[in-house]
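Numbering of ligands and ligand atoms starts at 1, following listing order. Everything quoted here is computed from the prediction, not taken from an experiment.
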Amino acid sequence: MLVDFRPHTRLRSQKTPITISDSLGPVVDALSESSTDLSRVRVVCDWVQYRQNFRDAVELRPIVSAGSGSVEPQPVPEGVRDDDLEIAIDVRRSADHSLRDLTHAALSAHADGGRDSGHVPLEDWRPTRDSCIWDFNALYWSALDLWEKATGQAYEQALPGGESDARNRDAARSLIDELFAVWDGLADGDALPPELYVVELGVGNGNQAKVFLDEFRERDGEHGRGYYRRLQYLMCDYSPHVLDLARETVADHAEHVSSFVLDATRPQSTLGFLQFKVFLVYISNVYDNLPTDEVAQLGGRTYLVESRAYLPRDEVTELAELVHARPDQIGELVQKLLRLGPALLAEARPEHLGGPDAAVEFWRRAWSAVRLEERYVALPGLDLYELAPTVSGEALRPLVESGADIRMHVNNGAVASFVETLPLLHPFGRLICHDIFVTDAGAYRTGFKGPGKYDGSVVNWVNGQLLAHVGRRRGFDVTYAPFAHRTGTNIITMTAQVRD
Ligand SMILES: C[S@@+](CC[C@H](N)C(=O)[O-])C[C@H]1O[C@@H](n2cnc3c(N)ncnc32)[C@H](O)[C@@H]1O
């Protein structure tokens with residue numbers, strides 16, 4: 001049996017002390033009491049810092065190696081360790097549950113082929129990037145007003161630190177001063193184009209755009225070279241509702257702002273006309289909100305993590321009572337909610353929902369209840385795994401094939417967005433992105449990096465080394481630095497620009 005205890009620093013924590021015996025002992029006891037082949041079990045312990053998340057305190061994850069299930073036969077590397085099962089423990093919650101009972105229950109449900117798991121699936125197994133949790137995420141942004149009205153809380157309050165660093169005036173000013181320095185140089189050589197393009201992906205309520213535009217106008221007044229007159233600020237988001245909000249926020253700068261409904265994972269579809277023209281692409285807290293898979297190297301083999309969203313059966317019973325439905329109708333109501341949104345769902349199903357407020361309540365309760373089952377499925381080869389439409393899984397090789405066991409996010413949405421955005425940059429342009437990046441692969445061995453829930457949205461940390469590697473392959477320098485204008489934040493600033 002292998003035990004991977006990731007949050008080891010907490011063993012010495014004064015504030016939230018934990019012990020190996022409390023968090024691991026009951027699970028190992030339950031395993032010993034079962035008929036499981038202990039030589040083929042991994043036990044992993046995480047500290048899941050997100051209070052709202054997709055996990056139970058104890059989870060069981062089947063490990064499907066080559067030759068079984070739907071996986072193509074593949075050459076088996078010498079010396080691989082073929083495990084059958086992973087038991088995952090959320091150490092943060094270990095005091096609140098009987099881990100031994102939970103482990104017994106999970107093992108017997110597994111032995112029974114999952115029939116007695118108490119899980120009501122919302123979908124079939126699939127790569128996590130295709131799970132319906134991303135439909136919930138998109139719904140949140142498209143019906144943000146209804147959600148915020150129900151909670152009385154703005155989405156920014158759920159971000160790290162309770163507000164978006166995108167609103168930081170010092171950060172905006174230093175960015176603008178750097179832009180002006182580049183433009184002065186180009187203007188002196190008569191090489192500055194007439195239109196000065198800035199693109200923002202994922203604009204939220206528009207506060208980032210407003211801070212940037214207000215500061216820009218003020219700095220330009222002092223600088224005196226008329227850059228504000230030439231500025232074209234393009235706000236892009238996939239939620240028309242969010243774009244409406246943002247347009248209102250920057251109404252004062254309307255002549256310099258245009259807005260585009262676009263999927264940040266495919267910016268070229270709308271912005272292709274800007275190739276080599278954009279001086280600044282500005283992104284904050286968006287990459288962590290784009291669909292992602294996780295890939296793992298376990299015992300010498302590479303696996304894709306597949307997921308299946310489900311609702312716990314007792315939560316289904318409660319939801320059914322809430323909307324006067326039978327428990328077996330809840331799955332279909334959730335699917336309809338994701339397709340139609342709460343307002344239309346209320347119209348389509350008046351017998352269950354008395355109006356939009358009831359539909360929002362149903363949405364919030366269903367979202368809070370959603371969990372993910374996971375399993376590992378051996379990858380037939382990294383070259384056969386599509387990381388993004390133009391990026392093969394080969395890009396992962398230097399990161400996952402270090403020899404040691406590791407599980408990491410591969411941020412498919414962010415990688416796709418990044419590689420389609422780079423060609424938009426002017427040779428002196430830059431992509432600046434504030435987000436929660438993992439810049440040291442070792443951090444995947446000691447910390448939980450998602451998924452978590454921020455209100456109605458999904459959050460996963462972003463694999464900084466992977467983006468840097470992909471960017472370098474395309475001739476860009478990609479650097480990371482702690483966000484310079486607020487202390488005590490997890491936010492890191494990524495800068496990508498054409499290599500000198
Ligand atoms: C957490 S908010 C960040 C807003 C703002 N940049 C900030 O820092 O406060 C994420 C934003 O990204 C947008 N978004 C998420 N996924 C997207 C996608 N696939 N395409 C375009 N926009 C997306 C959401 O609609 C939302 O406006």
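- Side-chain atoms of Arg499 come within 3.5 Å of backbone N or O of Arg472 as a donor-acceptor pair.
- The shortest heavy-atom distance from Asp288 to ligand 1 is not under 4.0 Å.
- At a 4.0 Å heavy-atom cut-off, ligand 1 does not touch His434 at all.
- Under a 4.0 Å criterion applied to the non-hydrogen atoms of Gln208, ligand 1 contributes the atoms 6 (N).
- The main-chain N or O of Ser259 is never found under 3.5 Å from a side-chain atom of Tyr233 such that the two would form a donor-acceptor pair.
- When heavy-atom distances to ligand 1 are checked against a 4.0 Å cut-off, Tyr238 comes that close through both its backbone and its side chain.
- The side chain of Tyr155, and not its backbone, has at least one atom closer than 4.0 Å to an atom of ligand 1 (non-hydrogen atoms only; side chain from C-beta on).
- Listed by atom number, the atoms of ligand 1 under 4.0 Å from Val242 heavy atoms are 27 (O).
- For ligand 1 and Leu262, the ligand atoms under 4.0 Å from any heavy atom of the residue are 20 (N), 21 (C).
- For ligand 1, the polar-atom distance check finds no N/O of Asn137 at less than 3.5 Å from any of the ligand's N/O atoms.
- Where the criterion is an N or O separation shorter than 3.5 Å, residue side chain and backbone included, Gly204 meets it with respect to ligand 1.
- The shortest N or O to N or O distance between Ser284 and ligand 1 is under 3.5 Å.
- Tyr385 and Asp293 share a side-chain donor-acceptor pair at under 3.5 Å.
- Counting atoms of ligand 1 from 1 in the listed order, those under 4.0 Å from a heavy atom of Val286 are 12 (O).
- Using modelled atom types, one finds no donor on one side chain facing an acceptor on the other under 3.5 Å when comparing Asn460 with Asn411.
- Looking at ligand 1, you'll find an N or O of Gly202 within less than 3.5 Å of one of its N or O atoms.
- Taking CG of Leu338 as the reference point, atom CD1 of Ile133 lies at 11.5 Å (rounded to 0.5 Å).
- For the pair Tyr227 and Leu196, the minimum side-chain heavy-atom distance is below 4.5 Å.
- Here Asp263 has heavy atoms under 4.0 Å from ligand 1 in both its backbone and its side chain.
- Checked for salt-bridge contact, Asp220 and Arg225 miss the test: no charged N lies under 4.0 Å from a carboxylate O.
- Residues Arg126 and Ser307 fail the side-chain proximity criterion, which asks for heavy atoms closer than 4.5 Å.
- Short contacts between ligand 1 and Asn289, defined as distances under 4.0 Å to a heavy atom of the residue, involve ligand atoms 15 (C), 16 (N).
- Nearest to atom 2 (S) of ligand 1 by heavy-atom distance, out of Phe260, Tyr140, Trp141, is Trp141.
- Cation-pi check for Lys453 over Phe54 is met; the charged atom lies under 6.0 angstrom from the ring centroid and within 45 degrees of its normal.
- Using a cutoff of 4.0 Å between basic side-chain nitrogens and carboxylate oxygens, Asp46 and Arg6 are scored as salt-bridged.
- Below 4.0 Å from some heavy atom of Leu290 lie the following atoms of ligand 1, by number and element: 16 (N), 17 (C), 18 (C), 19 (N).
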